[in-house]
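Presented below is the structure to which this report refers.
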Amino acid sequence: MADFEMKDDSMNLWKNAYKNEGDKKPDYTGKAKVNGVQLDASMWINTNKEGKRYLSGKFQKPKGKEEVLF
């Protein structure tokens with residue numbers, strides 16, 4: 001099986017199996033590739049004051065990886 005190569009400026013998210021009711025862990029986690037840089041991605045399902053649901057997300061450097069200077 002060939003290795004999967006993520007396309008630039010894209011992300012893949014999966015439902016977080018470790019999230020418990022009421023905790024602040026993300027609802028979805030995965031990987032992203034932005035401008036050629038591999039990042040961890042997290043997304044939360046939120047509700048605003050009017051009761052409308054929306055998604056908010058965050059990208060961050062993968063844990064345990066040293067910063068690469070260009």
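Bear in mind the structure is a predicted one, so any value in this text is a computation, not a measurement.
Here the straight-line distance linking atom NZ of K31 with atom CH2 of W14 works out to 9.0 Å at 0.5 Å rounding. Distance check, rounded to the nearest 0.5 Å: CE of M6 to CG of L39 gives 10.0 Å. In this structure, OH on Y54 lies 8.0 Å from OG1 on T47, to the nearest 0.5 angstrom. Rounding to the nearest 0.5 Å places CG of N46 at 8.0 Å from CG of L55. Considering NZ of K25 and CG of D23, their distance stands at 5.0 Å, rounded to 0.5 Å.
Side-chain N or O atoms of D40 include none that pairs as donor or acceptor with a backbone N or O of F59 at under 3.5 Å. Counting only distance, with no hydrogens or angles, the side chain of W44 and the backbone of K24 share a donor-acceptor pair below 3.5 Å.
V34 is listed as a side-chain neighbour of D9, based on a closest heavy-atom distance under 4.5 Å. With contacts defined as side-chain heavy-atom distances shorter than 4.5 Å, the pair K33/D8 qualifies.
For the residue pair M11 and A41, the shortest heavy atom distance occurs at SD-CB, 4.2 Å.
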